[in-house]
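Computed from a prediction, not measured in an experiment: that's the story for all the values here. In this chain, residues are counted from 1 in sequence order.
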Amino acid sequence: MRALFRWLAMLGCCLTWLAGSAAWAQAARITELEVRGPITPVVAGYVERGIRAANDQRLAAVLVRLDTPGGLDTAMRDIVQAFEASALPVIVYVTPPGARAASAGAFITMAAHVAAMAPNTAIGAASPVGGGGEEIKGTMKAKVTNDAAAYLRGIATSRGRNAAWAERAVREAVSASAEEAVKLKVVDLVAPDVPTLLDRIDGRKVKIGDRTVILKTADADLRPFEMNGIERFLQSISDPSIALLLLNIGMLGLFFELSNPGLIIPGVVGGICLLLGLFALGTLPINAAGIALIGLAFLLFVAELFVPSFGALAVGGIISLVLGALMLVAPGTPGFEVSRPLIATIAGSTGLLMAALGYMAVRAQRRQATTGREGMIGETGEVRQELNPEGQVFTHGELWRAVSLGGPVPKGAQVRIERVEDLTLYVSPLIDASPTLQEAPPHD
């Protein structure tokens with residue numbers, strides 16, 4: 001019996017050790033998210049999905065690699081709320097060297113349970129701006145600024161970070177390098193890479209709700225959590241240059257459909273591209289004046305189809321398109337600039353296209369008609385009843401009433417149609433069809 005108890009005790013110890021090892025292995029798994037570019041609703045949905053999956057799998061932590069010039073306030077708040085709702089610690093790492101956590105990125109970084117930065121990175125410049133990057137004026141500026149300052153100050157206070165600097169980042173748009181941010185207690189540490197970061201924060205205590213959690217991150221098993229196909233596609237078009245290109249393709253597609261009704265494909269492709277472009281603009285801080293000018297360009301292109309302006313409306317449309325593209329995002333919005341070479345390419349290609357369409361329209365107007373009454377002018381016919389000056393001519397498989405413009409024409413002669421009035425042809429003989437005098441018989 002004693003031997004049996006000893007074996008059972010040893011078995012229990014082994015099971016306990018195995019359970020502990022399994023628990024340790026579970027605690028060492030970290031899901032890794034990557035956020036590059038503007039903070040959009042697509043990015044917010046991706047981060048929320050990644051944090052939710054990590055919580056469902058009971059992983060050790062969530063690591064977010066961040067490099068952003070900012071983005072939409074609503075998307076940023078969704079991400080911060082996802083951090084707050086997470087039962088796992090969230091680590092935000094501003095990387096690679098040269099990256100930034102500007103504007104909305106500063107809110108996201110300071111909302112993390114652990115905030116870290118790579119060398120030669122920056123954080124700050126969190127002042128709110130208007131939809132097109134312009135400065136907000138008057139009472140609205142005070143309301144928006146006070147709200148953002150209070151929000152970031154509250155985030156910094158809850159994480160034990162520099163609330164005074166956080167408020168200055170909103171009110172004065174101050175920024176800090178990685179080393180300055182650590183000295184100012186804006187972030188927790190600087191690390192050159194992810195393994196070093198995880199080693200340095202191993203054993204750190206973080207507060208999640210009313211719990212204190214000790215991080216177990218050394219030699220952690222990183223599990224990348226990537227965007228799905230739809231998220232990657234939607235995020236890829238959430239770029240001002242891509243949005244402008246989609247709008248231009250959409251307008252040209254609809255223009256072709258209106259100028260050539262029944263082609264179907266240009267209208268379908270144009271409609272899809274236009275809707276995708278509008279979706280992309282809805283995720284960006286765009287300038288309403290730029291959108292209005294691009295819309296005016298489309299209206300001028302369509303008007304060119306119906307008004308004989310000799311290209312003036314098309315030229316005006318191209319100018320309006322270029323101005324709208326330049327104003328689509330204000331110059332003061334870093335990271336959201338529209339590519340200038342792309343604007344030049346769009347303007348040049350659109351101008352060439354309009355010139356080609358105009359050339360084809362002029363050629364079509366000058367071309368000899370081939371159908372209808374106009375198409376009969378210049379055709380030939382055979383006289384079936386002598387023209388003196390009226391008679392009948394057979395042409396195009398039909399018998400027509402005809403009037404000779406060149407004197408009598410005998411039956412069987414060929415005539416050329418000069419004009420058509422009502423149901424009467426006005427013709428002229430192809431050769432001298434007048435009766436010839438017979439030679440007198442020779443005299444004896």
Derivation of the side chain to side chain contact (heavy atoms under 4.5 Å, CB included) call for Leu88 and Arg58: CA-CA 8 Å; Leu88 302 176; Arg58 301 181 182 275; 6.0 Å; no

Ile79 and Phe83: CA distance, side-chain angles, deciding distance, side chain to side chain contact (heavy atoms under 4.5 Å, CB included) verdict: CA-CA 6 Å; Ile79 294 175; Phe83 288 3; 3.8 Å; yes

Stepwise salt bridge (Lys or Arg N to Asp or Glu O under 4.0 Å) test for Glu84 and Arg159: CA-CA 11 Å; Glu84 294 288 346; Arg159 298 292 186 231; 3.5 Å; yes

Side chain to side chain contact (heavy atoms under 4.5 Å, CB included) between Val427 and Val403, intermediate numbers included: CA-CA 6 Å; Val427 300; Val403 175; over 6 Å; no

Leu326 and Val338: CA distance, side-chain angles, deciding distance, side chain to side chain contact (heavy atoms under 4.5 Å, CB included) verdict: CA-CA 7 Å; Leu326 292 172; Val338 179; over 6 Å; no

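With Thr196 contributing its side chain and Pro192 its backbone, the two residues share no donor-acceptor pair below 3.5 Å. Remark: side-chain polar atoms of Thr395 are paired, donor with acceptor, to backbone N or O of Thr380 under 3.5 angstrom. Counting only distance, with no hydrogens or angles, the side chain of Gln81 and the backbone of Asp78 share no donor-acceptor pair below 3.5 Å. Between the side chain of Tyr46 and the main chain of Glu34, a donor-acceptor pair closer than 3.5 Å is present. Judged by distance alone, with hydrogens and angles left aside, the side-chain atoms of Thr350 form no donor-acceptor pair with the main-chain N or O of Ala347 at under 3.5 Å. With Ser320 contributing its side chain and Leu293 its backbone, the two residues share a donor-acceptor pair below 3.5 Å. Between the side chain of Asp67 and the backbone N or O of Ala99 there is no donor-acceptor pair closer than 3.5 Å. Within the 3.5 Å criterion, the main-chain N or O of Lys185 finds no donor-acceptor partner in the side chain of Asn162. Of the possible donor and acceptor atoms, one in the side chain of Glu257 sits under 3.5 Å from a partner among the backbone N and O of Ile264. For the pair Thr68 (side chain) and Gly37 (backbone), a donor-acceptor distance under 3.5 Å is present.
Note: Glu379 CD to Leu425 CG = 11.0 Å, rounded to the nearest 0.5 Å. The distance from the CZ atom of Arg168 to the OG atom of Ser175 is 10.5 Å, given to the nearest 0.5 Å. Here the straight-line distance linking atom OG of Ser404 with atom OH of Tyr426 works out to 11.5 Å at 0.5 Å rounding. The structure places CZ of Phe394 at 12.0 Å from CH2 of Trp400, a figure rounded to the nearest 0.5 Å. A distance of 6.5 Å separates CZ of Arg416 from OG of Ser428, quoted to the nearest 0.5 Å. Distance check, rounded to the nearest 0.5 Å: CG of Leu234 to CZ of Arg232 gives 11.5 Å.
Among all heavy-atom pairs drawn from Leu198 and Ala220, the shortest one is CD1-CB, 4.2 Å. The minimum heavy-atom distance linking Gly271 with Leu254 is given by the pair N-CD2, 4.1 Å. Minimum interatomic distance between Thr95 and Arg36 (heavy atoms only, all atoms of both residues): O-NH2, 3.2 Å. When all heavy atoms of Ile30 and Ala60 are compared, the closest pair comes out as CG1-CB, 4.3 Å. The minimum heavy-atom distance between Met76 and Ile39, with the atom names listed, is N-CG2, 3.9 Å. Between Ser103 and Pro69, the shortest heavy-atom contact is CB-O, 3.8 Å.
In summary, Lys411 and Glu382 do not engage in a salt bridge, as defined by a charged side-chain N under 4.0 Å from a carboxylate O. The pair Arg52-Asp56 does not meet the salt-bridge criterion, since no charged nitrogen lies less than 4.0 angstrom from a carboxylate oxygen.
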Expected list for residues 106-119: side-chain donor-acceptor pairs under 3.5 angstrom, two or more places apart:
from, atom 1, to, atom 2, distance (Å)
Thr109, OG1, Gly105, O, 2.8
His113, ND1, Val90, N, 2.8

Under 3.5 Å, which donor-acceptor pairs link side chains of residues 242-252 to any protein atom two or more places apart or in another chain?
none

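Donor-acceptor pairing under 3.5 Å is recorded for the side chains of Thr40 and Gln235. Side-chain contact, Asn55 with Ser86: a donor N or O sits under 3.5 Å from an acceptor N or O. For the 3.5 Å distance criterion, the side chains of Arg401 and Thr424 qualify, holding a donor opposite an acceptor.
Annotation: side chain of Pro41 is in contact with side chain of Leu72 (closest heavy-atom distance under 4.5 Å). Residues Glu180 and Val186 are not in side-chain contact: their nearest non-hydrogen atoms beyond the backbone lie 4.5 Å or more apart. Ile417 places none of its side-chain heavy atoms less than 4.5 Å from the side chain of Val393. Side-chain atoms of Ile91 and Val64, non-hydrogen and from C-beta on, never get closer than 4.5 Å to each other. Contact annotation: the side chain of Val80 approaches that of Tyr151 to within less than 4.5 Å [non-hydrogen atoms, C-beta and beyond]. Using a 4.5 Å heavy-atom cutoff, the side chains of Val187 and Val94 are not in contact. In this structure, Phe301 and Leu313 have side chains that are not in contact, with every pair of non-hydrogen atoms separated by 4.5 Å or more. Asp188 places none of its side-chain heavy atoms less than 4.5 Å from the side chain of Val182.
Looking at Leu33, Val92, Leu197, Thr31 one by one, the single match for side-chain contact (heavy atoms from CB on, under 4.5 Å) with Leu63 turns out to be Leu197.
Both the sub-6.0 Å distance and the 45° axial angle are not jointly satisfied by Arg65 relative to the ring of Tyr93.
Taking Glu167 as the reference, Arg153, Arg171 meet the side-chain hydrogen bond (donor to acceptor under 3.5 Å, both in side chains) condition, with sequence neighbours excluded.
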